[in-house]
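Lettering of chains follows the sequences in order, A, B, ..., and the numbering in each one begins at 1.
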Protein chains: 2
Amino acid sequence: MRKGEETRTRILDVAEAAVLAKGFGATSIDELIAETGITKSGFFYHFRDKNELAKALLERYIENDERIYDEIFSRAHELSDDPLQAFLLGLKLLSELLSDLPNGHPGCLVATMCTQERAFDREIQEINRQAALMWRQRFGGMFREIMCHYRPREALDADQLADMVSTVLEGGIVLSKALKEPKSLPDQLLVFRTFVRLLFQPMAQA
Amino acid sequence: MRKGEETRTRILDVAEAAVLAKGFGATSIDELIAETGITKSGFFYHFRDKNELAKALLERYIENDERIYDEIFSRAHELSDDPLQAFLLGLKLLSELLSDLPNGHPGCLVATMCTQERAFDREIQEINRQAALMWRQRFGGMFREIMCHYRPREALDADQLADMVSTVLEGGIVLSKALKEPKSLPDQLLVFRTFVRLLFQPMAQA
DNA sequence: CCGCTCCTGTACCGCCGGTACGGTTCTCCG
DNA sequence: CGGAGAACCGTACCGGCGGTACAGGAGCGG
């Protein structure tokens, strides 16, 4: 029981690193079992096929992702009662966290699954969609609360603003990888942060 | 001579669609030759291996991408002499173009290659990097020109702003695919457009 | 000691990327 | 019109990989 879970976790750890580095297709099962020190039979005992591995990988990744956002933004809300300040602080904390990753962000599994969508079944696509919707809900709620206290200089939809957070994160990851500049991602997040601050900045002559 | 180029183009057309839909790894050569109506030998006459196909695919994609940006922003600059207005107009035109794609944006090959980076050789990674740098240069130039005429409300680096264009495009593509909402990408671009307008909007009491 | 979880070992299949190579057809140029 | 490439076709083959099948064994809790 305990032993099985531990092996499964080890497989997922190895697989996640490999998939983020090389893509799902380029990650072979043989390679995974070699690194985890189990046999092929052992692998297929835990995962029916590669698709189920992808599913488990994705679910675990999203879960962890949510946990990180929970931590960061709850900490930000502890430090400031103002919803705008808390959000801006959260973005800053997130940017700093991303800056501290030595080799840059390892990549987002949601994005990897997206760029290879038809290679996976609809279940995985649906998990992916739900993840994006959760992000929208999370940040959308924050923007709605901000809008209760601040009047935006431009009329923008809270959900679209929320999607902008995901967009900047996903796009920043892609750009960082393409440019081989780990700093781009946290930088882009800070640029977005400036935009948000600007958007809700009270008019000069109120 | 002419014939060869045409076949090669047909292979690339089929391959591009398949790669964007399923990912590079999930796209088999057998499948490509079946759809193009040639044989395996014929395929390997045109491309030494799959990696060279990827390279040709990527180069053609980037070339086409650049051409589209050239057209849109040169048209925008014809319609307005003001660099800010021209840029904002360009974003609008781009957003409209993206809106008109019936099934949404098919995906960016640069991003797909990024999420599977180690599966390809360094040459491809370098092409990818150069593409991102070209985007930076293109939009960076525009922002620098804008900054000659407008004073931004917040001090932001022109290159980082330029990267933001790429970020929003790449991130928007990912989000659109994840959410299965084609409209998200053009919407995100318009949100960014609003930010840019806000950034360079003259102060109320100048 | 039974039974269950958690594997190992072996053998095998079909698909796929890639190689090798001989032959064929088409195309353009002289 | 004829020859020389260019642009393929056909066939056979290889190794790696995803996946299946199935038999068996170690360890562990009840």
Checklist entry - Counting any heavy atom closer than 4.0 Å, what does A:Ser41 reach on the DNA or RNA strands: base, sugar-phosphate only, or nothing? => result base

Checklist entry - Is the phosphate of D:dC8, meaning OP1 or OP2, less than 4.0 Å from a side-chain N or O of B:Thr7? => result yes

Checklist outcome for this item: In whole angstroms, the gap separating C1' of C:dT25 from CD1 of B:Ile38 amounts to 16 Å

Checklist entry - How long is the line joining CZ of B:Phe120 and P of C:dG17, in whole Å? => result 12 Å

Next on the checklist: Using whole Å, what does the distance between atom P of nucleotide D:dA7 and atom CD1 of B:Ile11 come to?
Outcome noted: 12 Å

Checklist entry - Roughly how many Å is it from NZ in A:Lys40 to P in C:dC7, rounded to a whole number? => result 18 Å

Next on the checklist: Categorize A:Arg48 for me: base, sugar-phosphate, or nothing, with a 4.0 angstrom heavy-atom threshold over every strand shown.
Outcome noted: sugar-phosphate

Item to check | A:Tyr45 vs C:dC6: side-chain N/O to OP1/OP2 distance below 4.0 Å | outcome: yes

Next on the checklist: Apply ring-ring contact (aromatic ring centres under 6.0 Å, His included) to residues B:Phe139 and B:Phe143 and explain how you reach the verdict.
Outcome noted: CA-CA 6 Å; B:Phe139 298 115; B:Phe143 277 116; 7.7 Å; no

Checklist entry - Rounded to the Å, how far apart are A:Phe43 CZ and C:dG9 P? => result 17 Å

Item to check | Between C:dC21 (P) and B:Phe44 (CZ): distance, integer Å | outcome: 16 Å

Checklist entry - Do B:Arg75 and B:Glu71 sit within salt-bridge range, that is, some charged N less than 4.0 Å from a carboxylate O? => result no

Item to check | Atom-to-atom span, CZ of A:Phe47 to P of D:dT20 - whole angstrom | outcome: 15 Å

Next on the checklist: To the nearest 0.5 Å, what is the distance between CZ on B:Arg153 and CG on B:Leu199?
Outcome noted: 9.0 Å

Checklist entry - Is the shortest side-chain N/O distance from A:His46 to OP1 or OP2 of C:dC6 below 4.0 Å? => result no

Checklist entry - With under 30° as parallel and over 60° as perpendicular, where do the rings of B:Phe200 and B:Tyr150 fit, or are they tilted in between? => result perpendicular

Checklist outcome for this item: Whole-Å distance, A:Ile29 CD1 to C:dC7 P, equals 16 Å

